[in-house]
Protein chains: 2
Amino acid sequence: MTEDVRWLDPVEARAWLGYRRMSLLLGRRLARDLAQASGLSEADYDVLSNLSEAPGASIRLTELAVHLRWSTSRLSHHLTRMRQRGLVARHEHPSDGRGAVITLTAEGQRTIQEAAPGHVASVREHFIDLLTPEQLKAFGDLSWTVVERLNET
Amino acid sequence: MTEDVRWLDPVEARAWLGYRRMSLLLGRRLARDLAQASGLSEADYDVLSNLSEAPGASIRLTELAVHLRWSTSRLSHHLTRMRQRGLVARHEHPSDGRGAVITLTAEGQRTIQEAAPGHVASVREHFIDLLTPEQLKAFGDLSWTVVERLNET
DNA sequence: TCAGCTTAGTTGACACGTCATCAAAGCCCG
DNA sequence: CGGGCTTTGATGACGTGTCAACTAAGCTGA
């Protein structure tokens with residue numbers, strides 16, 4: 001039982017720790033900004049913005065889950081909470097008796113419209129505007145490489 | 001009340017969506033791998049590895065929280081759960097009556113040692129080994145730029 | 001000394017995400 | 001048609017992270 005583990009070299013370790021720390025701090029910060037400004041969580045924001053881009057602000061639950069890369073379980077739980085807050089509504093599907101069609105309520109519509117400018121500003125302040133165009137391009141390439149690999153399995 | 005929001009241009013939007021998606025998928029995947037291989041969460045792993053690097057595998061709670069960039073509340077909750085599983089122990093501080101000193105138990109020691117090789121392999125498989133040395137360097141620079149900015153406030 | 005401020009850590013309530021399990025409806029093929 | 005397989009979505013249990021409130025101990029200066 002010999003040790004043949006390839007530990008991370010300094011450059012790799014710096015990148016990995018940088019990722020972990022950025023992820024932790026950036027997520028915390030954006031979540032806080034968003035919650036204080038509009039009472040939404042990042043999850044709420046993602047649901048609402050996806051919904052508002054759907055034709056008719058209306059989408060099948062499973063389809064929304066696919067767009068978000070969420071499990072249907074997660075989405076179902078989350079929609080229950082959002083529905084209780086009046087941000088979304090659930091309707092029966094006209095032809096599929098199992099189906100749930102989700103729509104944006106007027107309040108959900110208003111909430112996302114009011115939240116978006118501040119959220120984009122926050123994303124700019126803490127991420128986008130700190131990077132050069134070259135860095136943004138490189139980061140886009142890199143992140144989608146990782147994502148595509150994860151999508152395979 | 002005119003709209004002067006600077007929305008994201010295509011390059012920016014690609015980088016931001018790439019980050020969000022990578023964060024979601026990579027976190028989910030690594031958490032799953034780690035949990036299946038060793039029954040640890042990423043949070044557990046971070047606590048144990050920080051603890052094992054501390055002199056005497058022993059550290060003050062607040063100091064550990066600073067290293068991890070966690071709130072003391074989060075750490076206190078988490079240590080309660082980890083202590084119930086026998087991974088860590090809590091002792092009184094010799095000179096500060098308020099103090100909690102955290103140590104790694106033998107089982108915690110063994111668990112982190114067994115978990116580490118697989119976790120590093122997983123990090124390599126889904127992240128590090130997908131990138132060129134230049135990309136790793138660039139990503140390290142970029143992520144620490146973001147982190148340093150977040151540390152300021 | 002001791003009153004008031006600060007620091008260490010705990011706790012409870014709540015939102016969140018995962019997994020496993022389930023019921024109901026749709027589908028497909030004999 | 002009808003029996004099984006699949007798909008949709010809901011649900012309960014559980015571990016996690018946040019915020020606010022709190023206790024207790026240490027510290028500081030009149």
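Lettering of chains follows the sequences in order, A, B, ..., and the numbering in each one begins at 1. Values below: every heavy atom of this structure, side chains too, minus hydrogens, waters and symmetry copies.
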Here the pair of heavy atoms bringing B/Leu75 nearest to B/Leu61 is CD2-O, 3.3 Å
Would you say a side-chain N or O of A/Arg85 is under 4.0 Å from OP1 or OP2 of C/dA15? no
Next on the checklist: Using only modelled atom types and a 3.5 angstrom limit, is any donor from either the side chain of A/His77 or the base of D/dG12 paired with an acceptor on the other?
Outcome noted: yes
Are any of A/Arg28's side-chain N or O atoms less than 4.0 Å away from OP1 or OP2 of D/dG17?
no
For a quick test of reading the model: is some side-chain N or O of A/Arg32 closer than 4.0 Å to OP1 or OP2 of D/dC19? yes
Could you check if a side-chain atom of A/Lys137 sits within less than 4.5 angstrom of a side-chain atom of A/Glu134, using non-hydrogen atoms only? no
The nucleotide from C/dA15, D/dG15, D/dT8 with an atom nearest the side chain of B/Arg81 is D/dG15
Side-chain contact check for B/Ser73: nearest option of D/dT11, D/dC19, D/dG26 is D/dC19
N-O pairing of A/Glu12 and B/Arg124 below 4.0 Å: yes
Between A/Ser71 and A/Arg74 the two heavy atoms that sit nearest each other are OG-N, 2.9 Å
Testing D/dT16, D/dG9, D/dG26 for proximity to the side chain of A/Arg60, the answer is D/dG9
- Query: Counting just side-chain N and O atoms, does B/Arg90 come under 4.0 Å of either OP1 or OP2 of C/dG9?
  - Reply: no
Between A/Gln36 and A/Leu79, the residue closer to the 5' end of DNA chain D by nearest nucleotide is A/Leu79
### Message
For a quick test of reading the model: is some side-chain N or O of A/Ser41 closer than 4.0 Å to OP1 or OP2 of C/dC16?
### Response
yes
- request: May I ask you to verify if any side-chain N or O of A/Arg74 is less than 4.0 angstrom from the OP1 or OP2 atom of C/dG17?
  value: yes
Side-chain atoms of A/Arg98 come closest, of C/dA24, C/dA8, C/dT18, to C/dA24
Picking from D/dG17, C/dT10, C/dG17, the nucleotide nearest the side-chain atoms of A/His78 would be C/dG17
